[in-house]
Amino acid sequence: MSLVTVGSVAFDAIETPFGKTDKIIGGAGTYIALSSSYFVKEQNIVAVVGEDFPQEMIDKLSNRGVNLEGLQIKKGEKSFFWSGKYNIDMNSRDTLITELNVLEHFDPIIPESYQNCDYLMLGNLSPDVQLKVIKRLKNRPKLVAMDTMNFWMDIAMEDLTKTLKEIDILIINDEEARQLSGEYSLVKAAKKIREMGPKYLIIKKGEHGALLFHGSNAFFAPALPLEDVFDPTGAGDTFAGGFMGYLASTDDISFENMKRGIIAGSAMASFCVEKFGTERLENLTKSEIEDRIHEFVQLTNFDMVQSV
Ligand code: AMP
């Protein structure tokens, strides 16, 4: 099955308690595309970069089988730039700089070869652009998932409300869920958010795992306890890429299969945080991913011999 991913392809500068980077490659779309490319063969990206974006990274995505027909390269313009600083707990961060640059007037182009895609992942971008992508697909995909962040809630809440009505799954973190719903309890937040449109909601809780809500069902997956976490940037996008890549490759959108998708996404995210930027996601092997998924299964597997 085919997956279309829309999202920022960008430069990031990151500061964590372990170090600091100059401008490195980042962007929600980049992380999603790299992560999902390990699961789904037909992966297509819709994005925009400036003339400053290195061909080397475009080649890396292409070598991972990502179709780049929908990537616009704007002459004389600069790529999106984001800078963030992690707090000592590594679970929270402050945005230092957001320079929209080429994203400011992004008009997404959907190539003919992307039409009829089965799965759509709307990565973190302006909700107005996310909505345009849905509208520009001639047929509605089988499953539309979306990510967003507090930045868009602050400046584009009206557009966000419209886009939420058109999607199936929202994938956000706990802080974003609280801001979007105005509720501190994640159970209440999940209820309110699903009344805004999406039938499914995934709330990511960083090193504390992820929750999936649908109807009266809920599922929780832990994050893998890791010895070293160097840089959590992109972990959420990598999670979303693994989740959607898994669903697209198995072509099964049942709640049971979404649980497996969450484990696949969590496994991919656990690789992402091991190095700065996209480095760890660029050259994974099938057996590394399988072993990591197996570790997750072991982590939560137990036999209940006696209840009371
Ligand atoms: P995550 O850590 O999963 O939340 O994603 C971090 C990535 O999101 C970084 O690589 C940034 O380039 C990208 N990003 C940060 N802010 C925005 C924004 N306002 N719009 C689109 N992408 C963003």
Side-chain angles (χ1 to χ4, degrees), residues 5-16 21 23-36 45-50 53 57 61 78-87 90-106 108 121-130 133 145-157 159-160 163 170-177 179 202-207 210 223 229-244 265-266 268-281:
T5 292
V6 191
S8 50
V9 172
F11 288 116
D12 290 345
I14 301 153
E15 203 176 325
T16 79
T21 68
K23 277 192 176 179
I24 58 170
I25 303 297
T30 314
Y31 284 104
I32 296 168
L34 282 173
S35 176
S36 58
I45 200 162
V46 175
V48 64
V49 290
F53 199 76
M57 190 62 205
L61 286 167
K78 281 164 79 180
S79 302
F80 174 76
F81 173 63
W82 174 83
S83 169
K85 183 176 176 183
Y86 286 85
N87 301 319
M90 292 287 261
N91 247 351
S92 57
R93 71 179 177 208
D94 297 313
T95 289
L96 303 177
I97 304 169
T98 299
E99 285 175 11
L100 288 176
N101 297 329
V102 88
L103 275 192
E104 198 165 347
H105 304 291
F106 179 33
M121 178 64 222
L122 301 167
N124 188 10
L125 264 187
S126 136
D128 161 57
V129 170
Q130 291 174 318
V133 172
M146 169 183 158
D147 184 10
T148 189
M149 73 186 295
N150 41 12
F151 181 81
W152 303 113
M153 292 174 207
D154 293 340
I155 67 163
M157 194 55 202
D159 287 338
L160 183 58
T163 311
L170 182 67
I171 307 175
I172 49 178
N173 69 31
D174 43 359
E175 198 189 318
E176 292 155 354
Q179 179 167 345
I202 294 178
I203 301 183
K204 300 165 288 175
K205 289 160 63 63
E207 65 167 333
V229 173
F230 280 103
D231 172 20
T233 309
D237 308 311
T238 304
F239 169 91
F243 173 76
M244 284 301 274
S266 305
M268 295 308 289
S270 75
F271 287 117
C272 174
V273 302
E274 288 178 346
K275 295 225 166 119
F276 272 107
T278 56
E279 193 184 339
R280 188 71 177 101
L281 293 179

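Both counts, for ligands and for their atoms, begin at 1 and track the order of listing.
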- Message: For Gln130, is there any backbone N or O sitting under 3.5 Å from a side-chain donor or acceptor partner on Thr163?
- Response: no
- Query: Judged by atom type as modelled, is there a donor-acceptor pair below 3.5 Å linking the side chain of Thr16 to the main-chain atoms of Phe230?
  - Reply: yes
- Could you tell me whether the side chains of Asp159 and Trp152 share a donor-acceptor contact shorter than 3.5 Å? no
N or O contacts of ligand 1 with protein under 3.5 Å, please list pair by pair.
unit_1	atom_1	unit_2	atom_2	d
ligand 1	2 (O)	Arg93	NH1	2.8
ligand 1	2 (O)	Gly234	N	2.7
ligand 1	3 (O)	Gly236	N	3.3
ligand 1	3 (O)	Asp237	N	3.2
ligand 1	3 (O)	Asp237	OD2	2.8
ligand 1	4 (O)	Arg93	NH2	2.9
ligand 1	5 (O)	Asp237	OD2	2.7
ligand 1	10 (O)	Asp12	OD1	3.4
ligand 1	10 (O)	Asp12	OD2	2.4
ligand 1	10 (O)	Gly27	N	2.7
ligand 1	12 (O)	Asp12	OD1	2.6
ligand 1	12 (O)	Gly27	N	3.3
ligand 1	22 (N)	Ser8	OG	2.8

- Output for pair (Glu104 CD, Lys78 NZ), nearest 0.5 Å, gives 12.5 Å
- Value for CD1 (Ile202) from CG (Asp147), rounded to nearest 0.5 Å, stands at 10.5 Å
- Between atom OG1 of Thr238 and atom CG of Leu281, what is the distance when rounded to the nearest 0.5 Å? 4.5 Å
